[in-house]
2 protein chains.
Amino acid sequence: MPVPRGSTIDPERTRATILRAATAVLYERGLDGVGVAELCTRVGVSKETLYRHFGTKDKLVEAMLVERSDHVTRWLADVVADAGDDPHDQLTALFGALQEWYDDPVFRGCAMLNAATQHHVEAVRAITARHLDHYLRLLTGIAERAGAARPEILGRQLLMLAEGATLVATHQSTTDVGAHALQAALALLPTTDQAALPRAM
Amino acid sequence: MPVPRGSTIDPERTRATILRAATAVLYERGLDGVGVAELCTRVGVSKETLYRHFGTKDKLVEAMLVERSDHVTRWLADVVADAGDDPHDQLTALFGALQEWYDDPVFRGCAMLNAATQHHVEAVRAITARHLDHYLRLLTGIAERAGAARPEILGRQLLMLAEGATLVATHQSTTDVGAHALQAALALLPTTDQAALPRAM
DNA sequence: CATGGATCGTACCGATCGGTTCGATCCATG
DNA sequence: CATGGATCGAACCGATCGGTACGATCCATG
């Protein structure tokens, strides 16, 4: 019995559909760039349904951002995990994945940072802060495996590079952002064999 | 006769006052976070006056961003110029200035990047792109003086670091962002005497 | 087949938005 | 002192916003 108790059509599926479709529209156009009416049209759902599931546009946005943050965090963690144990390979895989993201036609920067910049609501800022903490933790782990004397500092420097790369890819029309960020990231690793790097600089 | 022909009270001064006060309010609360009515109250001017000087809220925003971009660009260029000829000293001065900015209670990130994220208007995106170009040019100049084989690449990497540092300072409550970014930036310079750096990493 | 929750479509609400208008006031100039 | 541009303050406008209400419809369950 996959259908919930005493209901029809499966509300859970409806909620998931709203979340997925609304995420795409609000990411492309901005949180304040599309009203609830048009949002419902795009999603293919009535206003009453949307409001019964989320109560408020802000709540929808928060649910959306939490899911997105978790998805991105899991994605990057998987990319790193699949790259083996070498921090060099892990960073290569990470910035390679970021570059693929930058090349996606729908790429419009980090959804959480965009939201925190657009919406001055405390809950949104909290979600963004949590997202950056997860990001920082992933990079600090790489810094530890690389044998950094101060992995929390190197982790934060790698975070600046990764977020800076995303920012530049968002606002400048440029190629090879990921490759250049990777090159800089590798240069920050302790006792790295520089001769093994492409001599692009 | 400092007062313009055939007028009273000095409109130029009024315009400058509006621009300055509106910049502070819109930077703190966001471009869409305060309406024109409240904006006029805060600035201390009537709506008719504001609209006669700028015609549109969007035009006011654009004028504001252009002035802000020019101001920031001039500020950073002066900081670098006053630091002498050594790229090491120039980066130290640059990230030191950025850190002072981060410590300012009214600091809320880069106004141009915030605006480009909030307002999906082409003119705003153009101003932001121009601002990043100026920023990139300044850093590429430092990269050239440092003797980088590919100064345009090193310049872009320094831009990622600087903007990434600003981003982290905006969204994470952390200290020493400027110092850590500086340390990373110096590590990217070619043939730098690493022993002279603080061994913090 | 009847019930009732889920959904739809639409009309509606109050609030706020960007922008306009207008009469009153201020003040440097002629 | 009279003129006229700059400014004020408040009323006003149409549009849009987030959110609600309601009758009709759909459909899995009992």
Side-chain angles (χ1 to χ4, degrees), chain A residues 1-23 25-26 29-65 115 118-124, chain B residues 1-23 25-26 29-65 115 118-124:
Chain A
M1 55 207 70
V3 175
R5 53 255 157 107
S7 71
T8 49
I9 301 177
D10 193 352
E12 284 303 319
R13 194 169 203 81
T14 301
R15 181 189 158 98
T17 300
I18 296 174
L19 215 49
R20 182 169 41 83
T23 296
V25 177
L26 292 175
R29 306 257 305 272
L31 298 184
D32 296 329
V34 48
V36 175
E38 183 186 351
L39 189 60
C40 288
T41 301
R42 299 276 188 135
V43 173
V45 91
S46 69
K47 291 179 79 172
E48 180 166 353
T49 298
L50 185 144
Y51 275 104
R52 178 154 30 80
H53 278 290
F54 296 96
T56 281
K57 188 185 183 183
D58 283 344
K59 292 296 188 67
L60 167 64
V61 167
E62 293 169 24
M64 197 182 83
L65 291 175
Q118 291 163 359
H119 244 11
H120 281 203
V121 180
E122 186 51 37
V124 170
Chain B
M1 54 207 71
V3 175
R5 51 245 160 117
S7 71
T8 49
I9 301 179
D10 193 353
E12 283 303 318
R13 195 169 203 79
T14 302
R15 182 191 156 96
T17 300
I18 296 174
L19 214 48
R20 183 170 40 82
T23 296
V25 177
L26 291 176
R29 306 257 305 272
L31 298 184
D32 296 328
V34 48
V36 175
E38 182 187 352
L39 189 60
C40 288
T41 301
R42 298 276 187 136
V43 172
V45 91
S46 68
K47 291 178 78 172
E48 179 165 356
T49 298
L50 185 144
Y51 275 103
R52 178 154 29 78
H53 278 291
F54 296 96
T56 282
K57 188 186 183 184
D58 283 344
K59 292 295 189 69
L60 167 63
V61 167
E62 293 170 24
M64 196 183 83
L65 291 176
Q118 291 163 359
H119 244 12
H120 280 202
V121 180
E122 187 49 38
V124 170

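Throughout, a chain's letter reflects where its sequence line sits, starting with A, and its residues are numbered from 1.
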Asks: Given D:dC8, is OP1 or OP2 found less than 4.0 Å from the side-chain N or O atoms of B:Thr49?
Replies: yes
Asks: So, does B:Thr56 get its side chain near the phosphate of C:dG19, meaning an N or O under 4.0 Å from OP1 or OP2?
Replies: yes
Asks: Say whether, by atom type as modelled, one donor and one acceptor occur between the side chain of A:Lys57 and the main chain of A:Gly35 under 3.5 angstrom.
Replies: no
Asks: Starting at CG of B:Asp32, measure out to CG of A:Leu31 and round the result to the nearest 0.5 Å.
Replies: 11.0 Å
Asks: Give a yes or no on whether a donor-acceptor pair under 3.5 Å exists between the nucleobase atoms of D:dG9, that is its base, and the side chain of B:Lys47.
Replies: no
Asks: Quick one: on DNA chain C, does B:Glu48 or B:Lys57 contact a more 5' nucleotide (nearest heavy atom)?
Replies: B:Lys57
Asks: Rounded to the nearest angstrom, tell me the gap between atom CZ in A:Arg52 and atom P in D:dG19.
Replies: 16 Å
Asks: What distance do A:Arg42 atom CZ and A:Arg29 atom CZ have between them, rounded to the nearest 0.5 Å?
Replies: 5.0 Å
Asks: Could you tell me the separation between the CD atom of A:Glu12 and the C1' atom of C:dG5, rounded to a whole number of Å?
Replies: 15 Å
Asks: Measuring only between side-chain heavy atoms, which start at C-beta, is B:Leu39 closer than 4.5 Å to B:Leu60?
Replies: yes
Asks: Tell which nucleotide pairs with D:dT29, taking only Watson-Crick or G-U wobble pairs whose two distances are both under 3.5 angstrom.
Replies: C:dA2
Asks: Do any side-chain nitrogens or oxygens of B:His53 fall under 4.0 Å of OP1 or OP2 in D:dA6?
Replies: no
Asks: Kindly say if A:Thr14 contacts the phosphate of C:dT7, meaning a side-chain N or O under 4.0 Å from OP1 or OP2.
Replies: yes
Asks: Go ahead and name the base partner of C:dG18; Watson-Crick or wobble counts if both distances stay under 3.5 Å, otherwise write none.
Replies: D:dC13
Asks: Using whole Å, what does the distance between atom P of nucleotide D:dC27 and atom CZ of A:Arg13 come to?
Replies: 16 Å
Asks: Counting heavy atoms from C-beta on, name the nucleotide in C:dG9, D:dC8, D:dT20 closest to the side chain of A:Tyr51.
Replies: D:dT20
Asks: Rounded off to whole Å, could you give me the CG-to-C1' distance for the B:Asp58 and C:dG19 pair?
Replies: 12 Å
Asks: Just how far, in rounded Å, is P of D:dG19 from CG of A:Leu39?
Replies: 12 Å
Asks: Between B:Phe54 (CZ) and C:dG18 (P), how many Å, whole number?
Replies: 16 Å
Asks: Just verifying a value: how many Å separate B:Lys47 NZ and B:Leu50 CG, rounded to the nearest 0.5 Å?
Replies: 9.5 Å
Asks: Give the rounded distance in Å between these two atoms: CG of B:Asp32 and C1' of D:dC17.
Replies: 13 Å
